[in-house]
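Read the structure below first, then the notes.
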Amino acid sequence: MKKQITLLTTTALLLLSLPFSSFAQTAEERGLEIAKEIDRRDTGWGDQMTTTIMTLRNKQGDESVRENTMRTMEVEGDGDKSLIIFNTPTDVKGTKFLSHTHALKNDDQWLYLPALKRIKRVSSSNKSGPFMGSEFAYEDISSQEVEKYTYKYLKDESIDGRDSFLIERIPAYKKSGYKRQLVWVDKEYYQPLKIEFYDRKNSHLKTLMYYDYKQYLGKFWRTNRMEMQNHQTGKSTTLAWKGYKFNNRFKSRDFDKRALKKTR
Amino acid sequence: MRIHNYFVFIILFSVINFSVIAGEFSGNISAELKAFKNEAQLDEQEQFYGSLAFQPEFFHDFSDGDQRITFTGFGRYSPANESRNHVDIRELFWSYFSDDWELRAGIRKVFWGVTESQHLVDIINQTDTLEGFDGEEKLGQPMLHLSWFQDWGTTEFFVLPGFRKREFSSEDARLRPPFLIESSDALYESDAEEKHVDLAIRWTHVLGDWDVGFSHFYGTNREPRLILDPSLINMPQTFIGTQPIKLVPYYDIINQTGLDVQATLDNWLWKAEAIYRSGMSEDFYATTIGLEYSFFDIQSTGVDIGLVLEHLYDDRGTESTNPFENDIMTGFRLALNDEQSTEALFGVIQDINGDASILSVEASRRLGEQFKLIIEGLLFTETNENDFMHNFRSDDYIQIELAYYF
């Protein structure tokens, strides 16, 4: 009998200790843990190339389309490197944007202007400004590094029937246009399903929805369509990703100033 | 290379390429109207000029992208100013890409430098003076160009056979001095004249926030001295008086060392260009030193404003072949970052010693998906007779251009 009680007590203690350990974790620690897990699961993809089609829509519903080719190379221990080639509108065709992103220090950015054959190093302080006139800010399309935010886990919630973690993140880098973001992270993909952006005055500015996740290389989840709605202006942008291509064997030299002139 | 050779090239090239592949073609067609505020000061000048321009572009990659052929043509038709009619091969070259080096051979355009108000270091291509007062448009230059990439920087070697002369405005053009400059009677220091083979070397590197370039050029000066036509000097004094003043360009063989640096620090761009040139009557140096500060996404509107300040200096002072011997350029750049990419650049170049100044404005906006409207204006103010810009005192203009891009 006594022995049984001991067993029961031990079991009870064991059972108690399980939830207890997670209760000991603060919401901030839990948030950071999720962010690190997102990063861990999305490490090792190497490089990728895609065509992006942005459809800009104003309040009246008038549409305007921009097509770009985007090459990205993963840099472990630092932000990724990317090269964006503008294909349309035709007046900016051949314009290229090279970016070496960093977690907290300024990104390095260069612009190639084909008419003048000129490479310009540009200031990367522009975080909150619109990318190509769209509802996506530069900071929205930049490489997402763990150190860029501080995190707080809020609760579990389901989005369109998919289980997700709801976390709040606050930009840790300078000149962000946002006070905070609410991110719904899919529990299976460990990728965002929805992000709500709150401006510096903490009012709801934009909502971004991610659709059509597909798995590549048997491991990495990628969205095929993003919808950004600006609630303050009524404008929206659809960002469609076409033809993800991995294992391009990109090297650093494909993301330096020579690549700005060479790559078509 | 003569114009008729160009035509042969264009035709041959078009035939080859149309048969190869479509889809790598692009380019633009534009129509412009230039209106001068004042009536012409000189005979044969007009107040309004209309013209059309065409710029076809093509590239084709082969052998797994290791090689490429690139072509950019240009042509302008200007009925009221016939000397502005011209065609040029801006680019027609072959490229070979290896891991550590790249070789390019043919006619090309190359840009060197960082500043906005003038481009001192940029010496490879001749300026296409028929295209604009600002000197931003360049003629194609035949070259053999080897780039070599190492951890300690990129080193480029240029062999430049064949010199492109600078064209000067004819009688029917505005924005010209009251005397004629006869481009076709150009004189050269070198016995090889325009066949002198020029050489250049350039090293560039990125060191954190700093982009640095160091270059040396040996060969025919792109910027000629203007001298009195020697054929007139030998004529009897009485006869000269009856002739209009005619100047001819004289092209020295020069050595020019150039340095260009830009530091990109948060919202600041710090820029400097310097050249030292020898081979003309006197050695000299010239500099452009300046900065640019940008305010991004003002009041969360997406609008950017940039302020530019540059000091232009030429050691030769009033002897300079360059009008900017000691001037300050103030610029104001506006970008709305809207769907139509509306942009404007206002600039003032003010002479520190004199009172001459130039005001310029350039604005553009996309119309629909494939058209672009570009407005450009120049205003010359308070010029005194000793300043070169005095020649243009009644040449204030506004230009409207509509371009179609394909």
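In what follows, chains carry the letters A, B, and so on, assigned in the order in which the sequence lines appear, proteins first and then strands, with residues in each chain numbered from 1.
Between the CG atom in A:Leu154 and the CG atom in A:Leu166 there is a gap of 4.5 Å [rounded to 0.5 Å]. If you take CD1 on B:Ile69 and CZ on B:Phe58, they are separated by 9.0 Å, rounding to the nearest 0.5 Å. In this structure, CG in B:Leu402 is found 10.5 Å from CD1 in B:Ile375, a value given to the nearest 0.5 Å. The line from CD1 of A:Ile85 to CG of A:Leu260 is 9.0 Å long, rounded to the nearest 0.5 Å.
Interface residue A:Leu56: only side-chain heavy atoms are found under 4.5 Å from chain B. In this structure, chain B has no heavy atom under 4.5 Å from any part of A:Ala137. Residue contact with chain B, scored on non-hydrogen atoms closer than 4.5 Å, involves the backbone and the side chain of A:Val65 alike. Within the 4.5 angstrom heavy-atom criterion, only backbone atoms of B:Phe406 (N, CA, C, O) approach chain A. For chain A, no part of B:Val303 is nearby; none of its heavy atoms comes within less than 4.5 Å.
At least one side-chain heavy atom of A:Phe131 sits less than 4.5 Å from a side-chain heavy atom of A:Ile84.
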Which donor-acceptor pairs lie under 3.5 Å between chain B and chain A?
{"unit_1": "B:Arg68", "atom_1": "NH1", "unit_2": "A:Lys262", "atom_2": "O", "d": "2.7"}
{"unit_1": "B:Arg68", "atom_1": "NH2", "unit_2": "A:Lys262", "atom_2": "O", "d": "2.9"}
{"unit_1": "B:Glu91", "atom_1": "OE1", "unit_2": "A:Lys117", "atom_2": "NZ", "d": "3.2"}
{"unit_1": "B:Glu91", "atom_1": "OE2", "unit_2": "A:Lys117", "atom_2": "NZ", "d": "3.4"}
{"unit_1": "B:Asp99", "atom_1": "O", "unit_2": "A:Arg258", "atom_2": "NH1", "d": "2.9"}
{"unit_1": "B:Asp99", "atom_1": "OD1", "unit_2": "A:Arg253", "atom_2": "NH2", "d": "2.9"}
{"unit_1": "B:Asp99", "atom_1": "OD2", "unit_2": "A:Arg253", "atom_2": "NH2", "d": "3.2"}
{"unit_1": "B:Lys109", "atom_1": "NZ", "unit_2": "A:Ala115", "atom_2": "O", "d": "3.1"}
{"unit_1": "B:Val114", "atom_1": "O", "unit_2": "A:Arg118", "atom_2": "NH2", "d": "2.8"}
{"unit_1": "B:Thr115", "atom_1": "O", "unit_2": "A:Arg118", "atom_2": "NH2", "d": "3.2"}
{"unit_1": "B:Glu116", "atom_1": "OE2", "unit_2": "A:Arg118", "atom_2": "NH2", "d": "3.1"}
{"unit_1": "B:Gly208", "atom_1": "O", "unit_2": "A:Arg121", "atom_2": "NH1", "d": "3.3"}
{"unit_1": "B:Gly208", "atom_1": "O", "unit_2": "A:Arg121", "atom_2": "NH2", "d": "3.0"}
{"unit_1": "B:Asp211", "atom_1": "OD1", "unit_2": "A:Arg121", "atom_2": "NH1", "d": "2.3"}
{"unit_1": "B:Asp211", "atom_1": "OD2", "unit_2": "A:Trp110", "atom_2": "NE1", "d": "2.8"}
{"unit_1": "B:Asp211", "atom_1": "OD2", "unit_2": "A:Lys257", "atom_2": "NZ", "d": "2.8"}
{"unit_1": "B:Gln262", "atom_1": "NE2", "unit_2": "A:Arg121", "atom_2": "O", "d": "3.1"}
{"unit_1": "B:Asp266", "atom_1": "O", "unit_2": "A:Ser123", "atom_2": "OG", "d": "2.7"}
{"unit_1": "B:Asp266", "atom_1": "O", "unit_2": "A:Ser125", "atom_2": "OG", "d": "3.3"}
{"unit_1": "B:Asp266", "atom_1": "OD1", "unit_2": "A:Asn106", "atom_2": "ND2", "d": "2.7"}
{"unit_1": "B:Asn267", "atom_1": "N", "unit_2": "A:Ser125", "atom_2": "OG", "d": "3.4"}
{"unit_1": "B:Asn267", "atom_1": "OD1", "unit_2": "A:Ser125", "atom_2": "OG", "d": "2.9"}
{"unit_1": "B:Asn267", "atom_1": "OD1", "unit_2": "A:Lys175", "atom_2": "NZ", "d": "3.0"}
{"unit_1": "B:Asp297", "atom_1": "OD2", "unit_2": "A:Ser128", "atom_2": "OG", "d": "2.5"}
{"unit_1": "B:Glu339", "atom_1": "O", "unit_2": "A:Arg66", "atom_2": "NH2", "d": "2.6"}
{"unit_1": "B:Arg366", "atom_1": "NE", "unit_2": "A:Asp91", "atom_2": "OD1", "d": "2.9"}
{"unit_1": "B:Glu369", "atom_1": "OE1", "unit_2": "A:Val65", "atom_2": "N", "d": "3.2"}
{"unit_1": "B:Glu369", "atom_1": "OE2", "unit_2": "A:Ser64", "atom_2": "OG", "d": "2.9"}
{"unit_1": "B:Tyr405", "atom_1": "O", "unit_2": "A:Thr90", "atom_2": "OG1", "d": "3.0"}

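When all heavy atoms are compared, the tightest approach of A:Pro130 to B:Gly302 is CD-CA, 3.6 Å.
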- Task: Using the side-chain contact (heavy atoms from CB on, under 4.5 Å) rule, take B:Leu307 and B:Phe332 through it: C-alpha gap first, then chi angles, then the decisive distance, then the call.
- Result: CA-CA 5 Å; B:Leu307 301 174; B:Phe332 177 84; 3.7 Å; yes
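Shown here are the ring pair (Phe, Tyr, Trp, His ring centres under 6.0 Å) partners of B:Phe74, two or more places apart in sequence or in another chain: B:His86.
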